[in-house]
Amino acid sequence: MYRSRPHGNLDDSALSFLSSVYDDRILFYYDILGSQAHVIMLYEVGILTKNELKKILKSTDSLLKDAELLKEFGNSNSEDIHELVESAIIKMTDMESGGKMHTARSRNDQVVLDMRMKVRDDINNICKNLLNVITSLVKRAEENVNSIMPMYTHLQHAQLGVFSHYLLSYAYSLIRDFDRFFELYDRINCSPLGACAIGGSSIDIDRERVSSMLGFSDLIYNSIDATSSRDTLIEFASNCLICMLNICKISEDFIIWSTSEFGFIYLDDKFSSSSSVMPQKKNPDPLEIIRGKTGLASGIFQSISSIIKGLPSGYSRDLQEIKSPLWKISLIVEDSLLITDGIIKTINIDKKRMHKISSESYAISLDIAEQLIKRKEISFRHAHKLVGGLVDCAVKKGNIPLKLLSTDDISQVLSDTDLLKYGITSEEIYFLIKDITPENSINYRITKGSPNKNEQLAMILFLNIKMNEYQKKINLRIDSLKNKINDLKLAVEKNIIDIP
Ligand code: ARG
């Protein structure tokens with residue numbers, strides 16, 4: 001349809017090579033809304049007659065309802081959704097009316113418009129999904145403030161902690177993801193329409209009017225910027241990747257903790273796969289898929305930034321190639337959040353096993369060292385040496401827990417480490433070790449943000465307040481956008497009926 005200068009049609013192979021119609025099916029709805037707002041504005045500024053507007057709006061309306069057109073996505077001779085829709089409307093009306101629809105508009109501003117409308121919806125969906133996961137994490141945390149378990153660094157026992165502490169740490173990272181998406185929305189929610197191909201138009205259109213009808217909060221003012229910048233979309237991909245990296249950590253922790261060796265948690269059967277040959281198998285495949293998809297997301301981010309790199313200002317067709325990776329990364333995040341939520345809600349926790357491993361663990365070593373400092377006023381380095389000696393002795397005696405060391409073992413360590421001169425007796429240390437039960441290990445930890453129960457409850461309270469606030473602000477945003485789009489639908493209906 002656009003071939004006013006070139007003669008004849010594109011070669012079939014060239015057309016199918018450059019056509020984005022299939023990837024554009026996701027934009028169909030947004031493209032129609034964008035066209036409806038554009039033609040209403042064209043009528044208001046006197047470019048279209050009432051009758052022309054009515055004809056165009058009527059056909060956009062029936063296109064939205066007509067599944068037949070959707071079939072053409074796989075098999076049309078248009079270069080993209082914009083051409084497909086415009087040519088359909090010209091066919092449904094006539095060249096005199098439909099042919100005016102593209103006045104003061106270009107596919108270059110149109111595609112940015114469609115993408116921004118799609119991505120702002122994606123952002124709202126992701127924000128909602130994030131809040132669901134955070135809610136589930138906090139709820140499960142409330143049930144597990146007393147579930148003592150080892151905490152790991154280098155995947156080795158580090159200190160004792162509680163299961164809620166891990167769940168809340170995930171919630172904090174997802175709150176930051178929410179913040180990133182929520183803030184990005186304002187940068188995405190700006191209208192490029194009216195920037196035209198790159199340099200605006202001599203026709204006196206009303207950019208603000210279109211922008212407001214479509215629920216945008218601002219214009220992308222500069223027409224070069226409007227048509228050729230993709231930085232906010234890269235930012236969206238980057239937020240998606242960061243979010244996936246955060247969820248991936250949850251997956252990895254859960255995969256490890258659900259092994260027979262750890263046995264801390266069990267995935268619900270609904271979220272477990274099996275083996276074609278080993279009957280005993282219960283595998284954490286959904287978690288592994290999240291881990292795999294995080295790799296995909298990282299590749300997608302790389303692809304998008306590589307496509308953008310080195311492009312000159314102004315539209316280049318390369319930009320078309322970022323669409324399908326963007327749809328993909330967005331879907332990856334939405335789906336992964338959904339699955340993560342289901343897993344968290346249904347996961348079984350073996351508190352007894354966690355406690356047993358904790359009570360035999362050397363992860364109380366730092367607690368013992370700190371109590372020595374507090375009770376005997378020796379330097380941290382001395383205490384570190386002494387407790388290291390005790391652990392070494394326990395390991396040599398067959399990995400026995402520290403509480404099974406005898407006073408003789410302890411006095412041997414004391415003399416080996418040259419600490420007898422500080423007036424510490426082996427009996428004192430013997431009772432000190434006995435005092436560091438898993439429960440006391442946690443109770444004695446008093447710093448802000450530690451696994452101590454009061455701190456767990458404080459974090460839960462903070463996150464509950466935060467989520468309430470976030471729930472309100474996301475609902476407000478979604479509702480106001482819904483109202484705007486509804487107003488546009490009403491305006492379309494009114495124009496179709498009213499205009500004679
Ligand atoms: N299909 C194109 C895209 O997705 C739309 C813009 C095409 N513009 C052009 N001048 N060729 O990016």
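Remember, it's 1-based here, ligands and their atoms both numbered in the order they're listed. Numbers for residues simply follow the sequence, beginning at 1. Just so it is clear, the model here is predicted, and its values are computed rather than measured.
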Original post:
Is there side-chain contact between L233 and I304, with at least one heavy-atom pair below 4.5 Å?
Top reply: no
**OP:** Output yes when E79 and R317 qualify as a salt bridge under the 4.0 Å nitrogen-oxygen rule, no when they do not.
**Re:** yes
Original post:
Will you find, in the side chains of R180 and S238, an N or O donor that is under 3.5 Å from an N or O acceptor?
Top reply: no
Subject >> Test of proximity, D24 against ligand 1: N or O pairs below 3.5 Å >> reply: no
**OP:** Counting heavy atoms only, name the option from D318, I322, D80 that's nearest to atom 5 (C) of ligand 1.
**Re:** D80
Original post:
What residue and heavy atom of the protein are closest to atom 4 (O) of ligand 1, and at what distance?
Top reply: K323 NZ, 2.3 Å
**OP:** Establish, yes or no, whether a centroid distance under 6.0 Å links the rings of F262 and Y152.
**Re:** yes
**OP:** Check ligand 1 against R317 and write out every atom of the ligand that is under 4.0 Å from a heavy-atom position of the residue.
**Re:** 11 (N)
**OP:** Specify the protein heavy atom at minimum distance from atom 10 (N) of ligand 1: its residue, its atom name, and the distance to 0.1 Å.
**Re:** N108 OD1, 3.2 Å
Original post:
For atom 7 (C) of ligand 1, what's the nearest protein heavy atom and its distance?
Top reply: Y315 OH, 3.5 Å
Original post:
Is R120 close enough and on-axis enough to F216, meaning under 6.0 Å and within 45°, for cation-pi?
Top reply: yes
